[in-house]
2 protein chains.
Amino acid sequence: MPRSDNRLPLILDAAARLFREKGYAATSMRDIAAAVDMLPGSLYYHFTAKEDLLVAVYEEGVRLITEKVRAAVARHAEPWTRLEAAAVAHLEALLKTGDYALVVIRVLPQDVPKAAARLVKLRDGYDRLFSELVAELPLPPETDRQSLRLLLLGALNWSQHWFRENGRNSPRSIARSFLKLLREAQKP
Amino acid sequence: MPRSDNRLPLILDAAARLFREKGYAATSMRDIAAAVDMLPGSLYYHFTAKEDLLVAVYEEGVRLITEKVRAAVARHAEPWTRLEAAAVAHLEALLKTGDYALVVIRVLPQDVPKAAARLVKLRDGYDRLFSELVAELPLPPETDRQSLRLLLLGALNWSQHWFRENGRNSPRSIARSFLKLLREAQKP
DNA sequence: CTATAAAGCAAACAGTCGTTTGTTCTTCTT
DNA sequence: AAGAAGAACAAACGACTGTTTGCTTTATAG
């Protein structure tokens, strides 16, 4: 049975922050240990390898985004509104919730060969959520739904590279203007 | 004056390939040296530091994409057609030309603190090209041109993560279907 | 209050990292 | 043919890497 002073959550937080800031390879176990005021070797009481630490962060990241998006979608009924709610939630999870979610889209599975399969599986599970939302949309039969999904999700994920919070810009406003651009294409 | 057996181009090729495959931090100078059958220290005759090697690859990558896109755009006059040509050229440069171009969008400036400023400058120069193309478009006055650019360019850049060449999919067909989705939104 | 298991310390392991230095080979110029 | 400069070798530097081992502290269950 775990103790109440268990610092595993702190380790995960620090790892998520550092993996997001510097990437997986450039973050050392000593960096993470120092961030939680521990000795490097002590981390191995909680994780048997650096990759497992990444997988743990990844799992939590996917869990957080999925949860937020599911909750947001559930509040609406109209297909386009549901997709917009999902886009907003996705972007807010990425740009506001912070470290865990960003690690998921910033650290590439191929950078961690031994854990790649597990990471891809986690990502794919999440992708299916958006596939379902796009499938609901009332679209002209010639519209390519897969392209629509990839266009939206790609643009949302890429926003990490240029987004800076300020008065005019917010994750919500960006997601909305993206959706507006896509939505009007499919009206009669 | 350089000698005719100068192997600097080979070094750049190998570095580009490895940086693309494994990322900057996970690629060692020894990896690169081994790929061109050299000793690690010999690389320092051509580059004073690992970061400079990355910057050199980056410069070549930006040069290649810019060249391809400029040439493609110049072949057309109608604004939407010009943007489509740019999107196709951009995606082909990324997914077909290969290593150099992909390094530019795969290696983040923030992962190389000492060279970050130089890398960002190179990227921004390229971005302006797309800004100009979007500015040419005949759009309803309420359309957000910046969002349109970010939506398109983000989706194109993200495609590196899911694209696999096959009979039905090609860089050209993807760029075209993305543009079709955007274009129809802006028609009367 | 004591036994038990959780959590972390302390110190080291073998290997890898980017880089430097002095020397040697090889192409090119004249 | 001889000298100069280009290019790479050979070997090492100290710092840093992920990880292991044995021992100690500390909270909690009985």
Side-chain angles (χ1 to χ4, degrees), chain A residues 1-19 21-58 103 107-116 118-119, chain B residues 1-19 21-58 103 107-116 118-119:
Chain A
M1 182 171 305
R3 259 157 58 168
S4 62
D5 63 345
N6 192 316
R7 290 163 66 197
L8 191 146
L10 294 182
I11 297 175
L12 279 175
D13 284 352
R17 203 193 76 235
L18 289 166
F19 286 155
E21 283 175 5
K22 326 206 304 173
Y24 175 75
T27 300
S28 73
M29 293 300 266
R30 281 169 177 81
D31 289 337
I32 299 170
V36 293
D37 223 21
M38 250 185 206
L39 293 184
S42 305
L43 298 175
Y44 288 81
Y45 175 75
H46 300 278
F47 301 94
T48 66
K50 191 187 175 188
E51 317 143 18
D52 292 326
L53 185 39
L54 175 67
V55 172
V57 170
Y58 231 83
V103 168
V107 175
L108 308 181
Q110 70 208 41
D111 290 349
V112 198
K114 294 178 192 167
R118 280 182 288 174
L119 304 186
Chain B
M1 186 174 300
R3 261 158 55 173
S4 61
D5 64 342
N6 193 314
R7 296 207 273 156
L8 192 147
L10 294 183
I11 298 175
L12 279 176
D13 284 352
R17 201 193 78 235
L18 289 166
F19 286 156
E21 283 175 4
K22 326 203 308 174
Y24 175 76
T27 300
S28 72
M29 292 300 266
R30 282 168 178 83
D31 290 338
I32 299 170
V36 293
D37 223 19
M38 250 186 208
L39 293 184
S42 305
L43 298 175
Y44 288 82
Y45 176 76
H46 299 279
F47 301 94
T48 65
K50 191 187 175 188
E51 317 142 18
D52 292 325
L53 185 39
L54 175 68
V55 172
V57 171
Y58 230 83
V103 168
V107 175
L108 308 183
Q110 71 208 40
D111 289 350
V112 198
K114 292 178 193 168
R118 281 181 288 174
L119 304 186

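Numbered from 1 within each chain, the chains take letters A, B, ... in sequence-line order.
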Report task. State whether B:K114 and B:D52 are salt-bridged, where the test is any N-O pair (Lys NZ or Arg NE/NH1/NH2 against Asp/Glu carboxylate O) under 4.0 Å. Result -> no

Report task. State, yes or no, whether a side-chain contact exists between B:L53 and B:I11 at a heavy-atom distance under 4.5 Å. Result -> yes

Query raised in the report: Got A:D31 and A:F19 here, is their nearest side-chain heavy-atom distance under 4.5 Å?
Result: no

Query raised in the report: Measuring from A:L18:CG to A:D13:CG, what's the distance to the nearest 0.5 Å?
Result: 11.0 Å

Query raised in the report: Which heavy-atom pair separates A:A49 from A:Y44 by the least distance, and what is that distance?
Result: CA-CE2, 4.1 Å

Report task. Nearest whole angstrom, please: distance from the P of D:dC16 to the NZ of A:K50. Result -> 15 Å

Query raised in the report: How long is the line joining CG of A:L43 and C1' of D:dT19, in whole Å?
Result: 11 Å

Requested in this report: Kindly indicate whether the side chain of B:L119, heavy atoms from C-beta on, has any atom under 4.5 Å from the side chain of B:E51.
Outcome: no

Query raised in the report: Do B:N6 and B:H46 come close enough that some side-chain heavy atom pair is under 4.5 Å?
Result: yes

Query raised in the report: Out of curiosity, A:L12 CG to A:L54 CG, how far, rounded to the nearest 0.5 Å?
Result: 11.0 Å

Report task. Indicate for each nucleotide in nucleotides 2-14 of chain D, in 5' to 3' sequence, whether protein heavy atoms under 4.0 Å reach the base (B), only the sugar-phosphate (S), or nothing (-). Result -> ----BBSBB-B--

**Report entry** Segment of DNA chain C, first to last nucleotide, that comes within the 4.0 Å heavy-atom reach of chain B
**Finding:** C:dC17 to C:dT29

Query raised in the report: Quick one: CZ on A:R30 to CG on A:L39, what's the gap to the nearest 0.5 Å?
Result: 10.0 Å

Query - Rounded distance (nearest 0.5 Å) linking atom CG of B:L108 with atom NZ of A:K22 - result: 14.5 Å

Report summary line: Residues in residues 21-29 of chain B with a heavy atom under 4.0 Å of DNA chain D, by number, are none

